[in-house]
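When reading the values below, keep in mind they use all heavy atoms of this one structure, side chains included, and skip hydrogens, waters and symmetry mates. This one's a predicted model, so the numbers in the text were calculated from it and none came from an experiment.
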Amino acid sequence: MLAKNLLFDNSNNFIKKSGILIISSAAKFLIQVLVLVLFSRKLTLEDYGKYQYAWMLLNIFSVVTLFGLSQLLLTTTMKNFKYFFLANRQKNIIVLLLIYLIACGYIYFFVTTLTHTQKLLFCIVLVLQNISFVAESIAIREGFFKKILLANIAYIILFLAVHMYCFFYTYSFTILLAVLIFACCLKTLIIYTCVRERILITSIVQNTDNIGAEWFYLGLNDVFGIIVKWIDKWVILLFLPLINFAVYFNGTYEIPIFALLVTAIGSISLSEMATVKPTDLNTIKIIMQRQVLYLSTIILPSFVFLWYNSSNLITLFFGEKYMASIPIFNISIWVLPARIIYSTTILQVYNKSKIIVKGAVLDFIIVIILMLCLYPTFNMLGIAWAFVISTYIQILYYLLQSGKIVNLKIFDFFPTKMLLLFVAISMILPAGTYIICKQLNSITTLTINIFVCVLTILSLYILSSKYTLKNNN
């Protein structure tokens, strides 16, 4: 009975914690979309391609140089990690320095779109951003969610300010990087004020034998994951001009709110499941179902809205010069329904990093094969489809392996009846509204459809609340 009611007894606490992370994630999303729209319109296709190429490199090298450390700190106590790191300090420091030297070496010798000054600033941003990510992971693990919100707000304000300066006055990537260095320092300092005691702690540790292997496999998984995430765009850059990269980038732009939402809910699920006894399988099942329930509330209606309004959205935000992005966008958003579950939660908690890495390698192989098969016939559309298909196969693999570990079927991870109801509501309301309003002008159609999408999300939230209340009694 206790396990059955865990989903509902902890709902308020879960909503409060996830709500704080979602608020900061939503703020980041709005600012990133604003910058994306403004810079798409201000810059030429080639200059915009250079701008997004630089951020692609930062995203890739940030994941590679962190090498799974952020994920490790979500499931490992600070005192255990500190003991492990200091006990193997020489080897750890050498490996980390080597990784950073390789990343910075690539930037200096192979990136031709940045000046020497920009390359130096870029490398500094890379290091400081990673430090802020590590601090944020520690803060999530220790429950300092308000400090995280404050730190992210400070970072967002500076991020927006420098981009507005570049938009309204002089576009300078050098100034942008310099301000981001200060923003990363400020964010880290705010978080450090609450986690410094955890970093300095010297109490007795538990068994740390598996930390090294866990870190290694998490790092491999992150590296393969980021390669797969960006390999399609890298292929475009290798064989096509920057203007094609700009078109493809906007078409496959993974709207940040969904990735951030999944990460926020997944991080909280990880920290909660890490405190659950391995034999308490009912509680694990409930945590997974709760995760799906909350993610579906937002993701499913948003997916249907984006599908039916893609043409109006692309032309409104990016302008007529990005019309070629519309069919690419219509394909790439099919990855969204797969985001209703953080598929590696159980694998991470049970230290099954080998399986996670196997899934990442499987994803990499499949996406390469599919791109080779689909690109000759469908061009850039084939590359987009390759990414979507490989994502579904990878998530299915992770869920199958997770089910074997806890002796559960895949469907046990999903609140099936509620999820089917959510799918039906998400399809009927936004789709029906679009069909009724499609003869109206684009602005009016978008406005009405946004309203209906929000209304659908609120309706699903109410249903979730009633579902919670019903099962509490």
Shortest non-hydrogen contact from [X] to [Y]?
X	Y	result
Ser269	Gln291	OG-NE2, 3.2 Å
Ile346	Met273	CG1-SD, 4.0 Å
Phe414	Gln289	O-NE2, 3.6 Å
Thr252	Ser332	CA-OG, 3.7 Å
Val63	Val223	CG1-N, 4.4 Å
Ile191	Ala139	CG2-CB, 3.8 Å

[X] versus [Y]: any side-chain heavy-atom pair under 4.5 Å?
X	Y	value
Val304	Leu300	no
Asp47	Lys42	no
Leu96	Phe67	no
Ser325	Tyr248	no
Cys453	Ile457	yes
Pro337	Ile299	no
Trp215	Phe85	yes
Leu460	Tyr294	no

Evaluate the side chain to side chain contact (heavy atoms under 4.5 Å, CB included) criterion for residues Asn449 and Tyr308: first the C-alpha distance (whole Å), next the side-chain angles of each, then the deciding distance (0.1 Å), finally the verdict. CA-CA 9 Å; Asn449 278 277; Tyr308 279 104; 5.6 Å; no

What residues, two or more places apart in sequence or in another chain, satisfy side-chain hydrogen bond (donor to acceptor under 3.5 Å, both in side chains) together with [X]?
X	result
Asp363	Ser390
Ser343	none
Tyr48	Ser40, Gln52, Asn250
Thr391	none

Show, in sequence, the C-alpha distance, side-chain angles and deciding distance for Trp334 and Tyr392, and conclude whether the ring pair (Phe, Tyr, Trp, His ring centres under 6.0 Å) test is met. CA-CA 10 Å; Trp334 275 95; Tyr392 277 92; 8.1 Å; no

Donor-acceptor contacts under 3.5 Å from residues 159-166 side chains, at least two apart:
unit_1 : atom_1 : unit_2 : atom_2 : d
His163 : ND1    : Phe159 : O      : 2.8
His163 : NE2    : Tyr51  : OH     : 2.8

Are more than 12 heavy atoms, taken from residues, nucleotides or ligands other than Met427, located less than 6.0 Å from that residue's CE atom?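 Counting neighbours around CE of Met427, 12 or fewer heavy atoms of other residues, nucleotides or ligands fall under 6.0 Å, so no.
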
Run the side chain to side chain contact (heavy atoms under 4.5 Å, CB included) test on Tyr155 and Leu186 for me, step by step, so that the C-alpha distance in whole Å, both residues' side-chain angles and the decisive distance to 0.1 Å come before the verdict. CA-CA 7 Å; Tyr155 178 88; Leu186 180 60; over 6 Å; no

Just by distance, do the side chain of [X] and the backbone of [Y] share a donor-acceptor pair under 3.5 Å?
X	Y	answer
Lys119	Phe109	no
Thr344	Leu347	no
Tyr342	Ile265	no

Applying salt bridge (charged side-chain N to carboxylate O under 4.0 Å, His left out) as the test, list every pair that has at least one member in residues 169-194; sequence neighbours left out.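 Of all non-adjacent pairs touching residues 169-194, those that pass salt bridge (charged side-chain N to carboxylate O under 4.0 Å, His left out) are Glu136-Lys187.
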
So which pairs with a foot in residues 329-341 pass salt bridge (charged side-chain N to carboxylate O under 4.0 Å, His left out), sequence neighbours left out?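 For residues 329-341, and leaving out neighbouring residues, the salt bridge (charged side-chain N to carboxylate O under 4.0 Å, His left out) pairs sorted by first residue read Glu254-Arg339.
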
Could you work out, with side chain to side chain contact (heavy atoms under 4.5 Å, CB included) as the rule, every residue matching [X], not counting sequence neighbours?
X	result
Ile448	Thr433, Cys437, Leu440, Thr444, Val452
Thr65	Ile99, Tyr100, Ala103, Leu126, Asn130
Leu189	none
Met323	Thr315, Glu320, Ile326

CA sep, side-chain torsions, deciding dist, call: Leu66, Asp222, side chain to side chain contact (heavy atoms under 4.5 Å, CB included): CA-CA 9 Å; Leu66 270 175; Asp222 281 356; over 6 Å; no

If you look only at pairs with a residue in residues 104-113, which of them pass as a side-chain hydrogen bond (donor to acceptor under 3.5 Å, both in side chains), with sequence neighbours excluded?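 Of all non-adjacent pairs touching residues 104-113, none passes side-chain hydrogen bond (donor to acceptor under 3.5 Å, both in side chains).
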
Side chain to side chain contact (heavy atoms under 4.5 Å, CB included) between Phe122 and Leu58: does it pass, once the steps are laid out? CA-CA 8 Å; Phe122 190 91; Leu58 183 62; 3.7 Å; yes

What about the rings of Phe39 and Tyr171, do their centers lie closer together than 6.0 Å?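 Judged by ring-centre distance (under 6.0 Å), Phe39 and Tyr171 do meet the cut-off.
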
Hey, could you give me the CD1/CG distance between Ile314 and Asn309, rounded to the nearest 0.5 Å?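 Going from CD1 on Ile314 over to CG on Asn309, the span is 11.5 Å.
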
